[in-house]
Amino acid sequence: MTDDALDPLIHVPARLRIVATLAALPDGDALSFTRLQDMLGLTPGNLITHLRKLEDAGYLSTKKTGNGVASRTSVALSNRGRAALDAYTVALRDLLAGLTASGFS
Amino acid sequence: MNGTHDTSETTTADEGDELDPKAAATLLEQTKRQAQRQFELNPPLLTLVRAAVILVGYGAVWWSVRGQHPYEGPSLAALAVIYTAVIVVLVITAAVFTRATTGVSGQSRRQRGAYGVAFGTAWIAVSVFQGALYHDGASHAIVYGVFPAAGQLLVLGAAAAAMAAAREDWRTLGLAIAVVALGTGSAFAGPAAVWGIIAVGGCVIGIGYAAVQVWLPRA
């Protein structure tokens with residue numbers, strides 16, 4: 001197994017952290033953009049760019065509530081996103097097991 | 001070429017970074033643990049604080065009622081200690097809760113609201129029932145001894161067990177059952193000793209649960 005088996009959308013440091021953070025929430029819960037940014041330490045522009053890529057792939061959904069200054073954006077991992085993270089985790093584990101078995105560490 | 005560019009087309013700083021599989025696995029695990037810690041409503045440290053408060057609060061009451069014959073009830077000073085201890089735990093719990101739930105919305109928030117109403121109802125009912133026991137002429141040993149010490153644990157522990165079972169939260173279910181068992185068993189010891197048994201037993205259960213939280217974290 002090679003690195004190509006790893007989902008390229010998730011296999012980027014910032015997006016991996018985004019998906020892993022959202023996966024820690026219970027099913028049915030969403031996290032505000034502000035809290036997510038605070039937890040990850042990313043700039044707003046950087047975070048928005050990564051969130052758009054994940055949303056375009058259907059891995060997460062965003063919801064905007066309120067108007068103007070009081071508007072809030074919340075982000076939640078979709079079922080597809082959770083499945084993608086699970087698949088990524090399995091593929092990563094298999095890849096590392098293969099590397100260990102072949103003598104590479 | 002002009003000096004401006006469309007930021008939406010800008011490649012993010014880490015897009016081209018090679019992510020070594022081992023580094024990815026480490027990053028995934030670290031991020032997962034950090035997020036779980038940040039969203040945790042009942043961290044192990046809070047559990048230990050609660051265990052200490054049970055020991056101090058119930059212990060203070062036991063100290064004030066030990067050797068009472070006939071049993072009269074805890075002194076005002078002991079009641080002040082236990083109520084202060086409860087307030088301290090409530091304040092710390094509220095701070096932890098606020099930190100963990102800031103920015104989180106959805107089903108769990110609604111569930112917590114519902115659980116809060118159920119729990120609050122049980123607690124109020126127990127307190128009112130204590131008044132009814134006094135009104136109906138029950139002895140001091142019951143009204144100011146066994147019932148407030150063990151009765152609260154029984155009712156609130158049973159409520160917590162039901163909520164945990166509904167969520168399939170087996171760790172919390174185990175804790176709630178232990179609390180119910182402690183309340184039930186300690187009641188046989190009499191109005192004075194019940195406070196001491198719950199002080200020590202509750203503290204031990206709390207420390208044990210904190211250990212479970214640390215060594216058997218949720219998946």
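Per chain, numbering begins at 1; letters A, B, ... match sequence-line order. Because the structure is a prediction, the values reported are computed rather than measured.
- Sorted by first and then second residue, the salt bridge (charged side-chain N to carboxylate O under 4.0 Å, His left out) pairs with a member in residues 85-110 of chain B form an empty list; sequence neighbours excluded.
- Under a cut-off of 6.0 angstrom, the local environment of CG in B/Leu41 is crowded, with over 12 non-hydrogen atoms contributed by other residues, nucleotides or ligands.
- B/Thr31 contributes atom OG1, which lies 6.0 Å from atom CG of A/Leu16 (distance to the nearest 0.5 angstrom).
- Interface remark: A/Leu85 contributes side-chain atoms only to the contact with chain B (heavy atom separation under 4.5 Å).
- Judged purely by distance below 3.5 Å, without hydrogens or angles, the side chains of A/Arg35 and B/Gln38 pair a donor atom with an acceptor atom.
- When all heavy atoms of B/Pro21 and A/Leu95 are compared, the pair lying nearest together is CG-CD2, 3.5 Å.
- Here the straight-line distance linking atom CG of A/Leu96 with atom CG of B/Asp20 works out to 8.0 Å at 0.5 Å rounding.
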Acceptor/donor pairs from residues 24-31 of chain A side chains to any protein atom, 3.5 angstrom cut, sequence neighbours excluded:
| unit_1 | atom_1 | unit_2 | atom_2 | d |
| --- | --- | --- | --- | --- |
| A/Asp27 | OD1 | A/Arg82 | NE | 2.8 |
| A/Asp27 | OD1 | A/Arg82 | NH2 | 3.3 |
| A/Asp29 | OD1 | B/Gln107 | N | 3.0 |
| A/Asp29 | OD1 | B/Ser108 | N | 3.0 |
| A/Asp29 | OD1 | B/Ser108 | OG | 3.2 |
| A/Asp29 | OD2 | B/Ser108 | OG | 2.2 |

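- The OG atom of B/Ser105 sits 7.5 Å away from atom NZ of A/Lys63, with the distance rounded to the nearest 0.5 Å.
- Atom CD in B/Glu29 sits 9.5 Å away from atom OG1 in A/Thr89 (nearest 0.5 Å).
- Residue contact with chain B, scored on non-hydrogen atoms closer than 4.5 Å, involves the side chain of A/Tyr88 exclusively.
- Counting non-hydrogen atoms of neighbouring residues, nucleotides and ligands closer than 6.0 angstrom, the CG atom of A/Asn79 reaches no more than 12 such neighbours.
- When all heavy atoms of B/Leu28 and A/Ala20 are compared, the closest pair comes out as CD1-CB, 3.8 Å.
- Contact annotation for A/Thr34: neither backbone nor side-chain heavy atoms come within less than 4.5 Å of a heavy atom of chain B.
- For CZ of B/Phe119, the number of neighbouring non-hydrogen atoms (other residues, nucleotides, ligands) closer than 6.0 Å is greater than 12.
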